[in-house]
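Heads up: numbering here begins at 1 and tracks the sequence.
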Amino acid sequence: QVQMVESGGGTVQAGGSLNLSCTTSGFPFDAHAMGWFRQAPGEQREKVSCINYNGDFTIYADSVKGRFSISRDNAKNRLFLEMHSLKPEESGRYYCAAREHSCTLFGQYDYWGQGTQITVSS
């Protein structure tokens with residue numbers, strides 16, 4: 001049974017930082033690309049970042065380049081997202097996701113977590 005659990009969300013002031021984690025089980029983590037997505041209330045899900053199976057290739061949405069950093073620990077089946085200089089418009093629910101093939105912000109992902117809420121106050 002696939003399980004993906006995000007953690008690390010919370011409330012932070014604008015300009016602050018948060019670190020998200022995604023703990024996974026039930027599928028071969030080291031054979032899957034992983035991604036982070038976010039969704040604000042009433043908005044479509046937005047692509048944030050992805051990382052390939054071994055961590056040597058990453059993609060970031062233009063809006064987060066230079067402020068967010070994605071990484072993974074294949075020995076512990078965990079995915080991370082380090083976020084700095086957060087903006088109020090980046091509030092929303094952040095999801096981790098897995099796909100069997102290459103890292104992409106546009107392809108379909110196979111497995112999803114339930115998300116963790118982030119609120120950035122102005």
Side-chain angles (χ1 to χ4, degrees):
Q1 181 181 0
V2 173
Q3 290 192 327
M4 298 175 65
V5 180
E6 300 91 339
S7 60
T11 300
V12 64
Q13 288 190 331
S17 300
L18 281 174
N19 294 321
L20 303 184
S21 298
C22 174
T23 301
T24 76
S25 63
F27 68 98
F29 181 78
D30 59 1
H32 282 66
M34 299 294 298
W36 285 101
F37 298 79
R38 63 189 178 199
Q39 187 168 21
E43 301 290 333
Q44 287 192 336
R45 186 173 289 170
E46 181 184 7
K47 313 164 189 69
V48 176
S49 181
C50 71
I51 186 168
N52 75 336
Y53 73 99
N54 66 358
D56 67 357
F57 178 73
T58 58
I59 301 175
Y60 295 92
D62 288 343
S63 61
V64 307
K65 284 180 181 176
R67 298 185 298 117
F68 288 18
S69 178
I70 190 171
S71 61
R72 64 190 296 160
D73 183 340
N74 284 355
K76 297 182 179 179
N77 294 344
R78 296 185 74 189
L79 175 72
F80 306 98
L81 184 67
E82 188 175 329
M83 305 181 292
H84 300 286
S85 302
L86 283 160
K87 305 174 183 179
E89 56 266 35
E90 294 179 317
S91 297
R93 197 157 186 88
Y94 282 66
Y95 299 87
C96 63
R99 60 181 265 125
E100 191 172 1
H101 302 294
S102 58
C103 165
T104 176
L105 296 182
F106 299 99
Q108 184 172 346
Y109 279 69
D110 304 312
Y111 309 123
W112 291 84
Q114 295 300 307
T116 185
Q117 184 68 34
I118 290 175
T119 302
V120 184
S121 60
S122 56

Among residues at least two apart in sequence or on other chains, which ones pass side-chain contact (heavy atoms from CB on, under 4.5 Å) with D62?
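Only K65 meet the side-chain contact (heavy atoms from CB on, under 4.5 Å) criterion with D62.
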Residues in side-chain contact (heavy atoms from CB on, under 4.5 Å) contact with A40, at least two apart in sequence or another chain:
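Checked A40 against side-chain contact (heavy atoms from CB on, under 4.5 Å); matches are E43.
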Sequence neighbours excluded - side chain to side chain donor-acceptor pair (under 3.5 Å) pairs with any residue from residues 91-110
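Counting only pairs at least two positions apart or across chains, the side chain to side chain donor-acceptor pair (under 3.5 Å) contacts touching residues 91-110 are R38-Y94.
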Approximate separation, where rounding is to 0.5 Å, of [X] [atom1] and [Y] [atom2]:
X	Y	atom1	atom2	answer
K76	T23	NZ	OG1	10.5 Å
E89	E46	CD	CD	10.0 Å
M34	S71	CE	OG	11.5 Å
T11	L86	OG1	CG	11.5 Å
I51	T58	CD1	OG1	6.5 Å

Is the W112 to F37 ring centre distance short of 6.0 Å?
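Judged by ring-centre distance (under 6.0 Å), W112 and F37 do meet the cut-off.
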Show the atom names and distances, to 0.1 Å, of all donor-acceptor pairs under 3.5 Å that link a side chain in residues 13-21 to residues at least two apart or in another chain.
{"from": "S17", "atom 1": "OG", "to": "H84", "atom 2": "ND1", "distance (Å)": "2.8"}
{"from": "S21", "atom 1": "OG", "to": "R78", "atom 2": "NH2", "distance (Å)": "3.3"}

Any residue meeting ring pair (Phe, Tyr, Trp, His ring centres under 6.0 Å) with Y60, in chain and number order, not counting sequence neighbours
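By the ring pair (Phe, Tyr, Trp, His ring centres under 6.0 Å) rule, Y60 matches no residue at all.
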According to the ring-ring contact (aromatic ring centres under 6.0 Å, His included) rule, which pairs have a member within residues 2-31, sequence neighbours left out?
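Every ring-ring contact (aromatic ring centres under 6.0 Å, His included) pair that includes a residue of residues 2-31, provided the two are not neighbours, is F27-H32, F27-Y111.
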Results of side chain to side chain donor-acceptor pair (under 3.5 Å) for N54 - residues two or more places apart only
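By the side chain to side chain donor-acceptor pair (under 3.5 Å) rule, N54 matches N52, D56.
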Can you name the nearest heavy-atom pair linking [X] to [Y], along with the distance?
X	Y	answer
W36	L81	NE1-CB, 3.4 Å
S85	E90	O-OE1, 4.3 Å
I118	M83	CD1-CE, 3.2 Å

Within the structure provided, determine whether I70 and L79 are in side-chain contact (heavy-atom separation under 4.5 Å).
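The answer is yes; the side chains approach within 4.5 Å.
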Are V48 and F68 packed together at the side-chain level, in the sense that at least one heavy-atom pair is separated by less than 4.5 angstrom?
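Side-chain contact under 4.5 Å: yes.
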Shared ILVMFWY cluster between Y53 and I59, side chains joined below 4.5 angstrom?
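No, Y53 and I59 fall in different hydrophobic clusters.
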If the condition is salt bridge (charged side-chain N to carboxylate O under 4.0 Å, His left out), which residues does R45 pass it with, not counting sequence neighbours?
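With neighbours one apart ignored, the set is empty.
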Kindly give the cluster partners of F80, where membership spreads through any ILVMFWY side chain lying under 4.5 Å from a current member.
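The other cluster members (ILVMFWY side chains, heavy atoms under 4.5 Å, direct or chained): none.
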Sequence neighbours left out, what pairs pass disulfide bond (SG atoms under 2.5 Å apart) with at least one residue falling in residues 11-94?
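Disulfide bond (SG atoms under 2.5 Å apart) check on residues 11-94 returns C22-C96, C50-C103.
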Give a yes or no on this: more than 12 heavy atoms of other residues, nucleotides or ligands lie within 6.0 Å of atom CD of Q114.
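Count not over threshold, so no.
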